[in-house]
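Note that the coordinates shown come from a computational prediction; the quantities given were computed from them, not determined experimentally. Index from 1, following the sequence.
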Amino acid sequence: MTDSLLERPPAHALLADGTTVCIRPVIPGDHERLKGFYDEMSAENLRLRFFSVSRRSAAMAADRACAPARPGYRALLAEAQGRVLGLAEYETGDEKNSAEISIAVADGLHHRGVGTLLVEHLVSAARADGITVFTADALSENREVLRLFTDLGLRTARRFEGPETRCTIHLDEDDAYLSAVESRGRAADVASLRPLLYPKAVAVVGAGRKPGSVGRAILHHIRTGGYTRRLFAVNPSVTSVLGVPCYPSVSALPRTPDLVVVAVPAAAVPATAEECGKAGVRALLVVTAGLGPDHAQALRTACRTYGMRLVGPNCLGISHTDPGLRLDATFADGHPRPGSAGVAVQSGGIGIALLDGLSRLGIGVSSFVSLGDKYDVSGNDMLQWWETDGRTDLALLHLESFGNPRAFSRTARRVARRMPVLTVDAGRSTAGRRAAASHTAAAATPTMTRRALFTQAGVTATSSVGELLETAALLYSQTLPEGNRVAIVTNAGGAGVLAADACAEAGLALPPFTPAMADELLAVLPDGAAVGNPVDATAAVTEEQLTDCVDALMEYPGVDAVLVALVPTALATATGDHLIRALTGAPGRRPKPVLAVCLEQDLPVKLLPAADEGGTVPSYAEPQTAARALAHAADRAAWLARPAGTVPALDDVDSERAHTIADAYLAAHPDGGWLDPRTCADLLACYRIPQIPWAWAETEDDAVRAAERLSGADGRVVMKAHWPGLVHKSEERAVHLDLRGEPQVRAAFRDLETRFGHLMTGVVVQSLARRGTELFAGVVQDEVFGPLVLFGLGGTATEVLADHAARLAPLTDHDVHDLITSPRCAPLLFGTRGNRPVDLEALEQLLRRLSRMAADLPQLTEADFNPVLATPDGVTVLDARVRLLPRRPQDPYLRRLR
């Protein structure tokens with residue numbers, strides 16, 4: 001086995017039943033354990049694996065797996081608490097891109113996903129080594145292994161050869177394979193969370209006699225919350241706390257709890273976790289804060305060793321409102337109201353605010369998890385739980401960090417098709433960010449990266465807890481609008497103006513009514529009403545008239561939502577809540593969302609019941625909050641209406657040569673760096689990225705000859721100095737433009753040589769580009785989020801104007817369209833004031849190729865194309881910079897725990 005596999009750290013992952021195993025490379029020291037693994041295997045299992053029952057074959061297999069490292073051979077084992085559960089191997093033959101695979105699973109462990117998990121990890125390792133095909137021979141009667149290969153999600157072919165079947169498995173990573181991996185991972189994840197969220201018995205370790213302790217508060221909450229199953233406390237000093245029986249240790253409990261709440265001092269947490277693991281506990285909730293690095297590592301090790309899922313540490317707790325369970329293991333003030341919103345937060349304070357707000361609105365929660373420092377259970381886990389629990393129809397998240405953003409994106413994208421997923425976009429500031437090294441890095445703020453993730457995944461991102469609750473109220477109570485066209489109805493002209501301003505600022509449209517619609521509204525409203533948009537129904541409008549007006553707008557195809565802005569008056573027969581309640585009607589009556597603004601309202605948002613108990617209507621204290629919530633709803637509707645995007649195929653790229661160029665550069669520059677112009681051009685050529693004609697010159701005479709070749713009809717060229725590490729040429733005044741004839745070319749070279757001779761390694765001579773729109777495109781390889789593609793206005797003002805959009809690679813066709821249309825400069829691309837539009841197809845191709853390059857090369861840390869010249873006849877990169885660093889590829893979709 002080669003160093004590349006040995007460098008892979010052990011990975012913990014979940015089997016189909018939710019238990020944890022460790023997947024790691026085999027080492028020579030595993031020989032006796034592997035020999036024992038085969039010795040314990042039944043004769044039938046040996047026959048299916050080796051096509052015979054010879055123990056000699058098993059001994060040879062152990063020898064082969066533990067032999068010294070050799071090219072083309074890989075072996076991974078699955079183990080739990082020191083026991084080998086399975087082994088998967090492959091070995092290449094004459095064809096280096098093809099390998100023979102074999103699998104063995106211990107007796108009694110079939111149908112738990114051991115073999116499938118091993119093969120997934122082996123597939124990931126093989127791809128990293130350039131292997132594209134697995135082959136395998138199996139007895140035709142070995143239905144289990146044949147089904148394993150078929151169900152992987154990879155393209156598989158079979159050929160029958162007598163009693164044997166030859167399987168050929170193509171390792172292409174397409175959406176079918178990723179979806180199959182996700183499906184297996186989701187089932188395993190949900191199974192692993194049942195002991196945490198549906199425990200049959202709970203124990204609290206650290207519940208003291210003194211009031212005010214966290215452990216005692218959680219025990220009190222569980223007890224008073226009506227937990228319906230067995231509850232214990234662990235305290236060696238007493239026999240009961242709050243009427244709950246106490247035992248001296250976890251091992252002394254009359255039955256092993258599924259869930260243990262740990263509320264002991266930080267120094268005692270590792271020992272408590274170890275004791276729980278040995279006792280067979282399946283889940284830990286650690287509320288203790290202040291764990292140092294050693295204690296934190298010991299806690300993680302105990303949880304992974306014994307297969308315990310972990311929430312925390314440093315968290316508020318968990319709550320599950322299922323009437324058959326009623327588990328409230330938090331130290332919040334009061335119990336959450338049962339409902340249908342799933343909530344996962346990292347901040348306990350944010351959690352309390354959301355619990356209070358959801359209870360006040362009447363939405364309530366299905367389950368609540370305070371993730372704390374998020375050593376294990378994450379927002380991704382909770383999304384998968386809510387997707388299948390049958391009780392959740394609204395997901396609310398507060399995540400300060402992401403362990404695996406690309407896996408989160410795929411999960412959120414799937415879940416968001418079934419229910420709204422909302423988040424508070426926390427950590428938006430740039431404080432502490434590394435100084436940018438290029439235009440691309442300068443533009444790629446944390447906010448932009450996170451917003452790209454949320455936008456692509458269909459997650460509704462808000463900037464505050466208040467905005468989250470305001471939007472949740474609308475999504476919970478109303479249907480989604482089909483578009484962004486709003487009709488405003490008010491009983492006070494001033495309120496209507498405020499609402500109109502708020503809608504316009506939120507990106508909503510207020511279309512005028514047709515004459516027929518205006519006549520229909522005048523017929524149902526009081527005398528003096530004005531039926532523009534906003535509709536001023538006057539202070540004398542009655543509940544019946546308001547209802548008729550809204551009903552008419554519900555049937556009008558020219559608007560997608562109705563916002564009613566009301567103020568209390570002494571003229572109407574019904575005001576305030578009565579008018580608002582008239583807006584909801586019977587269940588299913590309203591085909592469009594209706595929301596109200598009541599300026600005298602004391603709370604930012606309320607959900608008011610309909611007069612006939614047919615539903616609820618959200619009522620807001622400010623028009624801005626109502627419009628913002630409605631804009632979020634319109635964005636969600638638009639996202640749902642658009643089919644999932646696809647990553648366009650590019651058959652004319654040379655990824656293999658690109659890898660060769662990157663590897664050669666990093667072999668010569670182990671610390672990485674900015675590519676020189678010739679290497680950069682070679683790399684871009686692998687992806688057919690169009691560049692303006694240019695030449696490299698190291699002497700004055702070379703520059704003159706280059707200028708003669710490139711000057712074209714008008715005889716003009718550009719000269720740019722180059723030295724290693726030069727990024728911003730304009731700022732260094734290292735560029736000469738519009739050079740005509742030999743004298744100017746020589747003078748420009750001498751000037752650059754005089755000023756930068758101690759640094760300069762040469763100059764780039766280019767044809768002078770004709771006029772066009774200067775754009776900017778680039779990539780930043782974020783260490784957590786992966787490659788981020790940026791696009792926007794270019795030239796020297798790119799950082800000043802900051803007119804950029806961003807999406808995470810690989811880009812789908814929708815992502816490319818959004819990148820082009822999102823910046824403020826987009827109208828320039830589509831033609832304005834009689835100008836022709838730029839070549840949009842060429843621009844799309846440039847972004848697709850840039851995305852492919854970023855996805856192919858994890859070593860590509862930054863790419864900076866500025867300017868990119870766009871004209872009606874094509875798109876050309878005028879200046880390109882690429883930086884490589886020695887980074888190994890990461891498989892973001894490989895099943896593994898944090």
Side chain to side chain donor-acceptor pair (under 3.5 Å) for R282 and T256? Distances and angles first, verdict last. CA-CA 9 Å; R282 296 289 306 280; T256 301; over 6 Å; no
Compare all side-chain heavy atoms of L46 with those of S42 and state whether any distance is below 4.5 angstrom. no
For L85, is there any backbone N or O sitting under 3.5 Å from a side-chain donor or acceptor partner on E79? no
Side chain to side chain contact (heavy atoms under 4.5 Å, CB included) assessment of V241 paired with L219: CA-CA 8 Å; V241 176; L219 185 66; 3.8 Å; yes
Y227 and A201: which non-hydrogen atoms are nearest, and at how many Å? OH-N, 3.5 Å
Does the R326 side chain pair with the main chain of P323, one donor and one acceptor, at a distance under 3.5 Å? yes
Evaluate F134 against Y90 for ring pair (Phe, Tyr, Trp, His ring centres under 6.0 Å), listing each step before the verdict. CA-CA 8 Å; F134 276 164; Y90 72 72; 5.4 Å; yes
Atom CD1 in I222, atom CG in L327: separation rounded to 0.5 Å? 6.0 Å
R223 CZ to D328 CG distance, which is reported to the nearest 0.5 Å: 14.0 Å
Full working for salt bridge (charged side-chain N to carboxylate O under 4.0 Å, His left out) between R896 and D891: CA-CA 10 Å; R896 56 191 162 199; D891 186 346; 5.8 Å; no
Within this structure, what is the CG-OH distance for the pair D258 and Y198, rounded to the nearest 0.5 Å? 13.5 Å
Does the pair D189/R186 count as a salt bridge with the N-to-O cut at 4.0 Å? no
If we only count heavy atoms from C-beta on, is the L122 to I101 side-chain gap below 4.5 Å? yes
Side chain of S192, backbone of V190: donor and acceptor closer than 3.5 Å? no
Could you tell me whether the side chain of E400 and the main chain of Q346 form a donor-acceptor pair under 3.5 Å? no
For the CG atom of D322 and the CG atom of D389, what is their distance to the nearest 0.5 Å? 9.0 Å
Whether D376 and R304 form a salt bridge (side-chain N of Lys/Arg under 4.0 Å from carboxylate O of Asp/Glu) is what I want to check. yes
Could you check if a side-chain atom of K374 sits within less than 4.5 angstrom of a side-chain atom of R898, using non-hydrogen atoms only? yes
Residues two or more places apart in sequence or in another chain: which of them pass salt bridge (charged side-chain N to carboxylate O under 4.0 Å, His left out) with R47? E44, E141
Please step through ring pair (Phe, Tyr, Trp, His ring centres under 6.0 Å) for the pair F785 and F408, ending with a clear verdict. CA-CA 10 Å; F785 287 79; F408 171 86; 9.3 Å; no
Classify the side-chain pair T19/D17 by whether it contains a donor and acceptor separated by less than 3.5 Å. yes
I'd like to know if the side chain of S409 and the backbone of A457 have a donor-acceptor N/O pair within less than 3.5 Å. no
Apply salt bridge (charged side-chain N to carboxylate O under 4.0 Å, His left out) to E100 and list each qualifying residue two or more places apart in sequence or on a separate chain. R166
Please report the shortest heavy-atom distance between V264 and G206, naming the atom on each side. CG1-CA, 4.0 Å
Using side chain to side chain contact (heavy atoms under 4.5 Å, CB included), reason through I131 and L171 one step at a time and then give a plain yes or no. CA-CA 8 Å; I131 294 172; L171 307 188; 4.1 Å; yes
Taking it one step at a time, do Y73 and E89 satisfy side chain to side chain donor-acceptor pair (under 3.5 Å)? CA-CA 7 Å; Y73 178 78; E89 314 160 80; 2.4 Å; yes
For ring pair (Phe, Tyr, Trp, His ring centres under 6.0 Å), just list the numbers for F331 and H221, CA-CA rounded to whole Å, side-chain angles, deciding distance to a tenth of an Å, and then say yes or no. CA-CA 7 Å; F331 53 96; H221 244 52; 8.7 Å; no
Smallest heavy-atom separation, A267 atom then P270 atom, equals O-CD, 3.7 Å
Donor-acceptor pairs under 3.5 Å, side chain of residues 290-302 to any protein atom, not counting sequence neighbours: which ones?
residue	atom	partner	partner atom	Å
Q297	NE2	T301	OG1	3.2
T301	OG1	Q297	O	2.9

Of V311, V369, D381, the residue whose pairing with L193 passes side chain to side chain contact (heavy atoms under 4.5 Å, CB included): D381
Side-chain contact test, heavy atoms from C-beta onward, threshold under 4.5 Å: evaluate it for C167 versus L146 and give yes or no. yes
Are the charged groups of R127 and E120 less than 4.0 angstrom apart, N to O? no
Looking only at heavy atoms, the pair that brings L394 and P420 closest together is CD1-CB, 3.6 Å
Report yes if the side chains of V202 and V260 come closer than 4.5 Å at any heavy-atom pair, otherwise no. no
Would E182 and Y893 count as a side chain to side chain donor-acceptor pair (under 3.5 Å) here? Give the steps. CA-CA 8 Å; E182 284 178 351; Y893 308 116; over 6 Å; no
Main-chain N/O of I27 paired with D30 side-chain donor or acceptor, under 3.5 Å: yes
What's the shortest heavy-atom distance between Q890 and P892, and which atoms? O-CD, 3.1 Å
Would you find more than 12 non-hydrogen atoms of other residues, nucleotides or ligands less than 6.0 Å from R417 atom CZ? yes
For the pair S183 (side chain) and S179 (backbone), establish whether a donor and an acceptor sit closer than 3.5 Å, ignoring hydrogens and angles. no
Report yes if the side chains of L152 and R184 come closer than 4.5 Å at any heavy-atom pair, otherwise no. yes
Go through it in stages, so that I can follow the logic: the residues are S366 and S340, the test is side chain to side chain donor-acceptor pair (under 3.5 Å), and I'd like the CA-CA distance, side-chain angles, deciding distance and then a yes or no. CA-CA 5 Å; S366 57; S340 59; over 6 Å; no
Determine whether W385 and R194 satisfy the following criterion, side chain to side chain contact (heavy atoms under 4.5 Å, CB included), listing intermediate values before the conclusion. CA-CA 9 Å; W385 175 267; R194 287 198 68 83; 3.9 Å; yes
Do the non-hydrogen side-chain atoms of R391 and T321 ever get within less than 4.5 Å of each other? yes
So do L371 and L399 actually touch side chain to side chain, heavy atoms under 4.5 Å? yes
Tell me if a side-chain donor or acceptor on S319 pairs with a main-chain N or O of F368 at a distance below 3.5 Å. no
Distance, nearest 0.5 Å, that separates CG of L897 from CZ of R309: 5.0 Å
Assess the residue pair L76 and L87 against the criterion (side chain to side chain contact (heavy atoms under 4.5 Å, CB included)); give the C-alpha distance rounded to whole Å, side-chain angles, the decisive distance to 0.1 Å, and a yes or no. CA-CA 6 Å; L76 293 175; L87 176 73; over 6 Å; no
Non-hydrogen atoms of L118 and L77 that approach each other most closely: CD2-C, 3.8 Å
Checking K35 against D63 for the salt bridge (charged side-chain N to carboxylate O under 4.0 Å, His left out) test, could you report, in this order, the C-alpha distance in whole Å, the side-chain angles of both residues, the deciding distance, and whether it holds? CA-CA 8 Å; K35 187 174 181 300; D63 292 342; over 6 Å; no
Nearest 0.5 Å, please: how far is CZ in F51 from CG in D137? 5.5 Å
